[in-house]
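First up is the structure itself, then whatever we jot down about it.
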2 protein chains.
Amino acid sequence: MSRIITIAREFGSGGRELGRRLAGYMSVAYYDNEIITDIAEKSGLAEEYVNSIVENRIISYYPITIGQTFSGTINPQLDLNTKIYVEQSNIIKAMAAKSDCVIIGRCSDYILRDFRPINIFVCADMEAKMRRCRERAQEGEEYTDSELRNRIQTVDKNRAKYYKFFTGRRWGDIHDYDLCINTSDKPIEEIVKPVADLIASMFEFRT
Amino acid sequence: MSRIITIAREFGSGGRELGRRLAGYMSVAYYDNEIITDIAEKSGLAEEYVNSIVENRIISYYPITIGQTFSGTINPQLDLNTKIYVEQSNIIKAMAAKSDCVIIGRCSDYILRDFRPINIFVCADMEAKMRRCRERAQEGEEYTDSELRNRIQTVDKNRAKYYKFFTGRRWGDIHDYDLCINTSDKPIEEIVKPVADLIASMFEFRT
């Protein structure tokens, strides 16, 4: 069975960078935006639109599970959300079946539970997340502190809602991850090797 | 400044074993029951009694903070809880000031926040915790599955309440720890070295 690492991450925590560096260090495939590109190709929807659905709030308030029948759905937006989630699940499973890899976000820990991945959650203090966002801001991006804080909170709230909606779980609950790492005062590049070694030791005993 | 590692742990998760092994591997002091013994000595109370207070539910429902005046307290049990907590804080700070060490539980992450410790939370799935408890059961200890599950839940609920009461924080909230480790299918002795290496890399950048 492939060795799969999934990384859920708070916005601005550096989780994506950690994932990319881990994949490089471990010489395994890395999937992030590729998932969105694949969904867009297979569904015929624009990448930007798929991304907005995957990153944004679910337009409904009752939980659903994969495999449930949606023929009776009367909300076309919900129907589309679900179709995209099913497509996403198929793509993520196909990626995981192909080779060892690191997959960022998109409920991959839940979708791949039968693959027995090592699941990681990356978080950071608000101050650290704001600092990181500022360092990586694109030209012309000028948020006040309060706007930036709101943006970070909104993105994470939406990720939590999306995750809850499709998995029934609380995003960031320690019991659903093998490892939660707080990157607040840690340069990502410096923790890659020890995190990779710890992951390797965890795989040793995963049957 | 000393290098301090605090370990909060769910009952049956192996957090205490991890802490003991980490201290051994890193050749630093290890404090666990020593704290209770010290409190008992300094307060003149029986060790068993101190332990029952530290591990059990706080008899009150409003939060308090250290340093507050309790001269007006009319609940003698609450007064005693608080005195023990203050004594515990002093002892833990004295231990941390003395040398590098690993300290198990007892709100030490919060008490030592000015020491900038590396804080670890250790959890596990209920099945794994039950298995571990059975392996370590003392002779004559015969819980049914349901009794054992209840016992584990009760101990952890009490730890969470105690922690909340004295720190105002939610026990097991990922943001308050540098690292959360789920030990469910991992032999503790096998993850000691990589966890120690990761901790060492985290200390490198802690100023």
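Residue numbers start from 1 in every chain, and the chains themselves are labelled A, B, ... in the order their sequence lines are given, proteins ahead of strands.
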Select, from [options], the one with the greatest count of heavy-atom pairs under 4.5 Å involving chain B.
options: A:Asn119, A:Val195, A:Ile174, A:Asp173; answer: A:Ile174
options: A:Leu179, A:Asp197, A:Asp176; answer: A:Leu179
options: A:Pro187, A:Ala196, A:Ser201, A:Cys180; answer: A:Cys180

- Query: For A:Tyr110, is the NZ or CZ atom of A:Arg113 found under 6.0 angstrom from the centre of its six-membered ring and inside 45 degrees of the ring axis?
  - Reply: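 The answer is yes, since A:Arg113 meets both limits relative to A:Tyr110.
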- Item | Contacting region of B:Phe121 [heavy-atom separation from chain A under 4.5 Å] |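 Only the side chain of B:Phe121 comes within 4.5 Å of chain A.
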- Side chain / backbone / both / neither for B:Ala124 at chain A, heavy atoms under 4.5 Å: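 Contact with chain A involves the backbone of B:Ala124 alone.
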- Item | salt bridge (charged side-chain N to carboxylate O under 4.0 Å, His left out) assessment of B:Asp156 paired with B:Lys129 | CA-CA 12 Å; B:Asp156 283 347; B:Lys129 291 189 285 192; 3.6 Å; yes
- Item | Within-4.5 Å side-chain heavy-atom neighbours: B:Ile4 and B:Met95 |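 A side-chain contact under 4.5 Å is absent here.
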- Item | Contact check, side chains of A:Arg149 and A:Met130, non-hydrogen atoms, under 4.5 Å |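 With C-beta onward as the side chain, the pair touches.
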- Item | Pair B:Glu17-B:Arg21, salt bridge (charged side-chain N to carboxylate O under 4.0 Å, His left out): steps then yes or no | CA-CA 6 Å; B:Glu17 182 187 340; B:Arg21 287 185 183 270; 2.7 Å; yes
